Amino acid sequence: MKKISLLTIPLFFSLMVAHAQQADSLLNVLNSGLIKPEVEAVFKSTRVVLSHSSETQKKHDLDMRIRHHFGDIGGKFGSAHTLYGLDVASDLFIGFDYGITDDLTVGIGRSKQDELYNFSGKYKLLKQRTDGKMPVNLTLFAQMGWIAREPFSQTEFTTYSNRFSYFLQSIISRKFSSRFSLEVMPALLMRKNTAESRDPQNLFSLGFAGRMKLTRRLSFIADYTLVNGLSRPNDLSQVYYNPLGVGLEIETGGHIFSLNFMNSEYILENNFISNTKKSWKDGGIRFGFTISRNFTLFKSKNKDPDKTSKIY
């Protein structure tokens with residue numbers, strides 16, 4: 001039998017000590033909660049194309065969002081005469097979302113259509129866990145819209161309350177892999193200022209949205225909201241369509257920039273769920289974009305992003 005070198009013994013003990021130190025360091029990280037049991041970044045942004053995602057703002061983070069919808073690409077109101085809709089702005093929006101806590105976000109904004117101001121609250125009630133104990137996320141969203149424009153006729157706003165609408169939504173999402181997420185969004189829109197008497201004041205909708213990560217910085221996003229056939233009759237004098245949007249989401253550091261195509265002229269749920277009058281089949285598709293910039297107003301002393309590990 002060959003003799004063991006004297007250098008082998010200290011080398012063996014050095015490896016054992018190093019391994020023990022690594023195991024102890026990992027245990028400390030787990031005990032300190034730096035590796036979180038919740039699945040993170042189910043969606044990258046608080047919006048998908050038209051719809052909200054299940055994400056909320058981080059505590060003390062302020063999101064400034066600018067959105068723009070252009071006119072019809074084709075059809076009667078599109079083509080080269082309007083530079084395929086780029087000459088026309090069907091709706092513009094600027095808004096701010098602020099994280100009261102990591103799970104509670106409040107927002108305010110204003111869109112061009114109807115001079116509509118929105119006031120919203122968003123709360124993440126349940127969080128998907130990496131251990132499977134909670135398979136989905138559940139976020140509750142509520143939004144009030146106030147129409148500030150002058151009435152088109154003396155009978156349009158019979159009472160001041162006709163200027164208000166209310167939107168309530170539950171957002172149920174799941175991250176199936178590091179690249180693919182889906183969500184379902186049952187909702188109720190309550191309004192009094194309807195286009196015609198047979199159009200219900202309360203509209204139920206069911207939305208679907210998804211995100212597919214293509215590269216580190218680029219994702220494909222899409223959402224669809226089913227409105228017709230739920231509580232709205234299909235034989236109204238005005239033809240309405242279900243909103244459908246697709247887009248590319250680009251991450252550029254502190255910015256999120258998305259390029260979108262949709263059939264909805266309008267941006268806020270209080271408008272696009274009840275008033276989408278364009279169809280993808282008839283050239284009613286339009287281009288739009290969103291710019292989102294996130295600001296951290298107050299830095300938490302315990303918040304160290306370099307030490308936080310994302311499992312999912």
Side-chain angles (χ1 to χ4, degrees), residues 39-57 63-74 78 84-86 90-91 93 95 97 122 124 128 135-137 139 141 169 171-187 205-227 241-269 272-273 276 278-281 283-294 310-312:
V39 175
E40 297 186 345
V42 178
F43 286 84
K44 190 62 179 180
S45 173
T46 57
R47 310 296 200 282
V48 189
V49 180
L50 293 166
S51 306
H52 271 259
S53 75
S54 58
E55 296 300 307
T56 53
Q57 286 293 109
D63 175 61
M64 182 182 74
R65 186 171 298 266
I66 299 173
R67 301 175 66 182
H68 197 136
H69 285 196
F70 293 96
D72 294 359
I73 290 178
Y84 302 97
L86 296 182
S90 62
D91 205 359
F93 172 83
D97 289 340
K122 196 174 184 182
K124 186 176 288 187
Q128 182 184 349
V136 298
N137 304 279
T139 301
F141 177 68
Q169 185 177 58
I171 306 173
I172 305 163
S173 69
R174 176 174 172 81
K175 190 171 187 178
F176 291 90
S177 71
S178 60
R179 292 183 176 273
F180 183 58
S181 301
L182 284 177
E183 67 179 26
V184 180
M185 302 162 286
S205 65
L206 183 62
F208 306 89
R211 176 177 180 260
M212 172 65 76
K213 192 170 183 179
L214 303 177
T215 68
R216 183 181 178 185
R217 299 289 185 181
L218 181 66
S219 300
F220 173 77
I221 50 177
D223 54 31
Y224 176 75
T225 304
L226 180 63
V227 184
Y241 296 92
N242 294 324
L244 169 64
V246 299
L248 291 175
E249 184 180 72
I250 307 167
E251 302 174 40
T252 57
H255 294 76
I256 294 179
F257 184 61
S258 62
L259 306 173
N260 305 317
F261 292 91
M262 73 292 292
N263 64 322
S264 173
E265 305 99 307
Y266 312 127
I267 292 173
L268 292 176
E269 289 85 352
F272 77 73
I273 285 180
T276 297
K278 300 290 183 175
S279 169
W280 277 66
K281 297 180 180 180
I285 179 176
R286 65 200 57 247
F287 171 68
F289 67 83
T290 301
I291 301 175
S292 171
R293 181 67 172 94
N294 202 63
K310 294 184 179 180
I311 303 176
Y312 232 76

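Predicted, not measured: the structure shown is a model, and the values here were computed from it.
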Output all residues satisfying side-chain hydrogen bond (donor to acceptor under 3.5 Å, both in side chains) with [X], sequence neighbours left out; order by chain, then residue number.
X: Thr56; result: none
X: Ser219; result: Arg211
X: Gln57; result: Asn294
X: Thr225; result: none

What pairs with [X] under side-chain contact (heavy atoms from CB on, under 4.5 Å), at least two apart in sequence or on another chain?
X: Thr290; value: Arg65, Arg67, Ser258, Asn260
X: Ile256; value: Lys44, Ser45, Glu249, Ser292
X: Leu268; value: Phe93, Ser111, Leu116, Asn118, Gln143
X: Leu214; value: Met212, Leu218, Phe220, Leu248

Task: Set of salt bridge (Lys or Arg N to Asp or Glu O under 4.0 Å) partners for Lys122, sequence neighbours left out - done: none
Open item on the list: Distance check, rounded to the nearest 0.5 Å: Leu50 atom CG versus Ile267 atom CD1?
Closed with: 9.0 Å
Open item on the list: Looking at every heavy atom in both Val42 and Asn137, which two are closest together, and how far apart are they?
Closed with: CG2-ND2, 3.3 Å
Open item on the list: So that I can tick it off, tell me whether Lys278 and Asp72 are bridged by a salt bridge, with the cut-off set at under 4.0 angstrom between side-chain N and carboxylate O.
Closed with: yes
- [ ] For the pair Arg47 and Asp63, find out whether any cationic side-chain nitrogen is under 4.0 Å from an anionic carboxylate oxygen.
- [x] no
Open item on the list: Please enumerate all residues that pass ring pair (Phe, Tyr, Trp, His ring centres under 6.0 Å) together with Phe141, with sequence neighbours excluded.
Closed with: His52
Open item on the list: List the residues meeting ring pair (Phe, Tyr, Trp, His ring centres under 6.0 Å) with Phe70, not counting sequence neighbours, and say none if there are none.
Closed with: His68, Phe287
Would you say the side chain of [Y] lies within less than 4.5 Å of the side chain of [X], judging by non-hydrogen atoms?
X: Phe208; Y: Leu182; answer: no
X: Met262; Y: Pro243; answer: no
X: Gln128; Y: Lys175; answer: yes

Open item on the list: Between Ser54 and Thr139, do the side chains contain a donor N or O and an acceptor N or O under 3.5 Å apart?
Closed with: no
